[in-house]
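Quick notes on the structure that follows.
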Amino acid sequence: SAPPPLSPPSPAKPAPAPSPWRVHAMAAFRRLSAGPTRAVEPRLGVALALWPARFGGHGGIAVGAWSGPGVAIDSADLLARFTGLTLFAAARGRLALSRRLAFDAGAGVSLHATGLDGFSPVHRVAARTTRLNTSIDLDAAVAVSLGPRTELALDLAASAALRRQRYLIGGTPVLELPAVELRAGLELRVALR
């Protein structure tokens, strides 16, 4: 008897669309000039980014947070530790340079919750305070694809404070932070399924 006729091959299923969501794990160093203190603070951060399909992967938004161990201030006027937590939101643009290399940049705002805890030897008083400040942020990154869902990016950023942070004791300035803060770091970016 004749073999049964072969059924036509089923059409190939299209590949699923890439997820518009990315998680960023970030490690960076920021340069901080606090009065006479010049320091580099290591910082860790995490962000969630959305790259909607309607923008073709060229536009997105990101929200996240940064924090670090702070900076020790050791001067004649102030012995203290300056710490901070930064929350940020940014709009981002992206340009593919090749199949594995891309350039992206962002502009956004940050909210900085800072704390100063220490002692002023000159004034013989404790120096403890917390503040909220905002900044305008710009950054640029070059990203290299490590696989279909992962990339590593080198990021450079600058934050311009909307209000200078100046700390006084008895009317005398003991600490003033710079108007512009610089940061450089690496980001591991992973697309969610």
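Everything numeric here is computed off the predicted structure, so don't read it as measured data. Sequence positions, counted from 1, serve as the residue numbers for this chain.
Here the closest non-hydrogen pair linking His112 and Ser135 is NE2-OG, 2.8 Å. Closest non-hydrogen pair, Arg183 versus Asp155, comes out as NH2-OD2, 3.3 Å. What you find for Ser67 and Gly84 is that their closest heavy atoms are OG-O, 3.5 Å. Closest heavy-atom contact between Phe119 and Ala126: CD1-N, 4.0 Å. Taking both residues in full, the closest heavy atoms of Arg128 and Gly118 are given as CG-N, 4.4 Å, listed atom of the first, atom of the second, then distance.
Put simply, Leu177 and Leu78 are part of the same group of oily side chains (I, L, V, M, F, W, Y) that touch within less than 4.5 Å, one to the next. Note on Val142: it clusters hydrophobically with Leu95, by side-chain heavy-atom contacts below 4.5 Å among ILVMFWY residues. Follow the hydrophobic side-chain contacts under 4.5 Å out from Val144 and you reach Leu97 in the same cluster. Under a hydrophobic-cluster definition in which Ile, Leu, Val, Met, Phe, Trp and Tyr are linked whenever side-chain heavy atoms come within less than 4.5 Å, directly or via other members, Val125 and Leu116 are assigned to the same cluster. In the hydrophobic clustering of ILVMFWY residues, with side-chain heavy atoms under 4.5 Å counting as a link, Trp66 and Leu44 come out apart.
To the nearest 0.5 Å, atoms CD1 (Ile61) and CH2 (Trp51) are separated by 10.5 Å. Distance check, rounded to the nearest 0.5 Å: CZ of Arg22 to OG1 of Thr150 gives 10.0 Å. How far CG of Leu48 is from CG of Leu50: 7.5 Å, rounded to the nearest 0.5 Å. Distance CZ/Phe82 to CD1/Ile73: 7.0 Å, rounded to 0.5 Å. Atom CG of Leu79 and atom CG of Asp117 lie 12.0 Å apart (nearest 0.5 Å). Between atom OG1 of residue Thr114 and atom CG of residue Leu132 there is a gap of 7.5 Å, rounded to the nearest 0.5 Å.
Residues satisfying the salt bridge (Lys or Arg N to Asp or Glu O under 4.0 Å) test with Arg54, not counting sequence neighbours, are none.
Here the side chains of Arg149 and Val190 are in contact, with some heavy-atom distance below 4.5 Å. Leu186 has its side chain out of reach of Leu188: every pair of non-hydrogen atoms, C-beta onward, lies at least 4.5 Å apart. Side-chain contact between Phe29 and Arg31 is absent, with no heavy atoms from C-beta onward closer than 4.5 Å.
Glu187 and Arg92 are not joined by a salt bridge, as no carboxylate oxygen comes within less than 4.0 angstrom of a charged side-chain nitrogen. Ionic pairing of Arg189 and Asp104 is present here: one or more N-O contacts between side-chain nitrogen and carboxylate oxygen are shorter than 4.0 angstrom.
Judged by the 6.0 Å distance and 45° axis criteria, Arg94 is not positioned over the aromatic ring of Phe55.
For the 3.5 Å distance criterion, the side chains of Asp77 and Ser75 fail to qualify, holding no donor opposite an acceptor.
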